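Throughout, residue positions are numbered sequentially from 1 according to the sequence presented. Computed from a prediction, not measured in an experiment: that's the story for all the values here.
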Amino acid sequence: MHHAATAITAPDTDHLPAYWQFHDAVAQAQLLAWLPRGRHMIVDVSGPRSPGGELAAMAGHHVLRVIEAPTASQRGADAAWTEERRRSDEGRKRLKGAPEASGTTLLIGDSSRLSFLPDECADDVLAEDRALSTHLGAEAMIAEIARVLRPAGRVLACVDSLVLGMAVLADQNHWAHLVDLPHAEVVLVPWPDGSITRCYGPDQARELFTGAGLRVNWIRSRTVLSESVVTHWLRRDPGGLPRLVRAELAARSDESLGAQLVISASKPRPRGSRGRPPGKQS
């Protein structure tokens, strides 16, 4: 059975269907267009599927990738756990000093509670792959993001949209919940796999970020083109993926459309303070 949730859940396979090749190409293009020039310290609290940290490191930035600690059973079954723990310990030791080269440092910890990071240590923060949707207490997470950002620093986030939440509820025949959903302050939607996701309309997303003292620069849909359109296009023109991605990026869509919303926000400088430009280390 096809659920609305499959609009944002890629199949677990090495050979992605045409639509997911398109989706991932668009997400990477949006991130590369957003990344700053120069060499920045970027904290990455994105979900597990996001390649954002790797792309930022490849672009010359230094990335602190915060990953959730696995459960005891996962640690026992995962031979990579020891290596990740070693790299995390090394990363914590390097926090007090400025990075000497681009690359990625792993930190194992709670990505929604960044108490192990000092204030204003990051030039930018990535919260891709639904990070603010899967962490239901998003207010605490965005407050931590604002705390670790330097003045004029930016954050790029991707969240599940209200449109997607309504579609999932409709799939589950929760018709009574749909009437008041657009006006609810917090929208929590049960997922087919038993988990819960927090969905946002543009106004709710703005309120979340501004409530943490951040300025929203823009909100856009991750993708506007539907799976059927993308599949039909690529079936007719298998080599047309780059053109299709350019068409998506050039589209000027209403920010409330799409299964996911991408948000870019920044931390204002204190009044009367010129501050230290992001990317400059003391």
Side-chain angles (χ1 to χ4, degrees), residues 3-9 27 30 43-50 52 66 68 109-115 117 125-149 154-224 253-268:
H3 292 280
T6 60
I8 62 165
T9 307
Q30 290 171 337
V43 172
D44 184 8
V45 295
S46 302
R49 286 195 67 253
S50 173
V66 181
E68 302 285 341
D110 185 349
S111 59
S112 66
R113 305 280 183 179
L114 303 176
S115 57
L117 295 179
V125 174
L126 294 175
E128 281 268 22
D129 190 28
R130 309 173 60 221
L132 290 166
S133 285
T134 56
H135 289 92
L136 305 184
E139 287 80 6
M141 186 174 189
I142 197 67
E144 282 292 275
I145 289 173
R147 179 184 65 80
V148 302
L149 269 178
R154 299 181 304 153
V155 54
L156 184 71
C158 179
V159 298
D160 296 339
S161 75
L162 194 60
V163 171
L164 176 66
M166 295 176 72
V168 172
L169 289 176
D171 276 352
Q172 299 169 350
N173 295 318
H174 293 316
W175 303 107
H177 296 82
L178 296 176
V179 177
D180 297 324
L181 198 63
H183 309 291
E185 293 184 4
V186 176
V187 177
L188 303 179
V189 177
W191 228 235
D193 64 1
S195 62
I196 297 176
T197 187
R198 183 167 175 175
C199 298
Y200 302 81
D203 291 341
Q204 293 159 328
R206 284 194 182 88
E207 183 177 350
L208 177 70
F209 281 76
T210 58
L214 300 175
R215 179 191 299 116
V216 174
N217 300 321
W218 48 258
I219 299 177
R220 300 171 185 166
S221 299
R222 171 110 290 170
T223 60
V224 177
S253 65
D254 185 286
E255 62 187 19
S256 63
L257 297 176
Q260 292 182 315
L261 300 179
V262 183
I263 305 130
S264 176
S266 56
K267 183 175 182 176

With sequence neighbours excluded, residues passing side-chain hydrogen bond (donor to acceptor under 3.5 Å, both in side chains) with Thr223: Tyr19
What heavy-atom pair brings Val66 and Gly109 nearest, and what distance separates the two atoms? CG1-O, 3.9 Å
Applying side-chain hydrogen bond (donor to acceptor under 3.5 Å, both in side chains), can you list everything that pairs with Ser50, at least two apart in sequence or on another chain? none
From Arg113 CZ over to Met141 CE, what is the distance, rounded to the nearest 0.5 angstrom? 10.5 Å
In terms of heavy-atom contacts, Cys199 and Val189 come closest through SG-CG2, 3.9 Å
State, yes or no, whether a side-chain contact exists between Leu169 and Pro190 at a heavy-atom distance under 4.5 Å. yes
Once salt bridge (Lys or Arg N to Asp or Glu O under 4.0 Å) is applied, what residue pairs with a partner in residues 134-146 remain, sequence neighbours excluded? Glu139-Arg198, Glu144-Arg147
Interatomic spacing from CG in Leu149 to OG in Ser266 - rounded to 0.5 Å: 9.0 Å
Of all residues at least two apart in sequence or in a different chain, which pass the side chain to side chain contact (heavy atoms under 4.5 Å, CB included) check with Thr134? Arg130
Between the main-chain N or O of Leu156 and the side-chain N or O of Glu128, is there a donor-acceptor pair closer than 3.5 Å? no
Taken in chain and number order and not counting sequence neighbours, the residues that satisfy side-chain hydrogen bond (donor to acceptor under 3.5 Å, both in side chains) with Thr210 are none
Could you work out, with side chain to side chain contact (heavy atoms under 4.5 Å, CB included) as the rule, every residue matching Ala146, not counting sequence neighbours? Ala212, Leu214
Set out, in order, the CA-CA distance, both residues' side-chain angles and the distance that settles side chain to side chain contact (heavy atoms under 4.5 Å, CB included) for Gln260 and Asp160, then state yes or no. CA-CA 5 Å; Gln260 292 182 315; Asp160 296 339; 3.7 Å; yes
Minimum-distance pair of heavy atoms, taken over all atoms of Ser133 and Thr197: CB-OG1, 3.4 Å
How long is the gap from CD1 on Ile142 to OG on Ser112, to the nearest 0.5 Å? 12.0 Å
Note: Ser161 and Gly258 closest approach over all heavy atoms is OG-O, 2.6 Å
Restricting to side chain to side chain contact (heavy atoms under 4.5 Å, CB included), what partner residues turn up for Ala127, sequence neighbours left out? Val45, Ala131, Ile145, Ala157
Separation between CD1 of Ile219 and CZ of Phe209, rounded to the nearest 0.5 Å: 8.0 Å
Is Arg222 close to Gln30 at the side-chain level, that is, under 4.5 Å between some pair of heavy atoms? yes
Evaluation steps, side chain to side chain contact (heavy atoms under 4.5 Å, CB included), between Leu132 and Tyr200: CA-CA 10 Å; Leu132 290 166; Tyr200 302 81; 4.1 Å; yes
Side chains of Arg220 and Ser264: does their closest heavy-atom pair fall under 4.5 Å? no
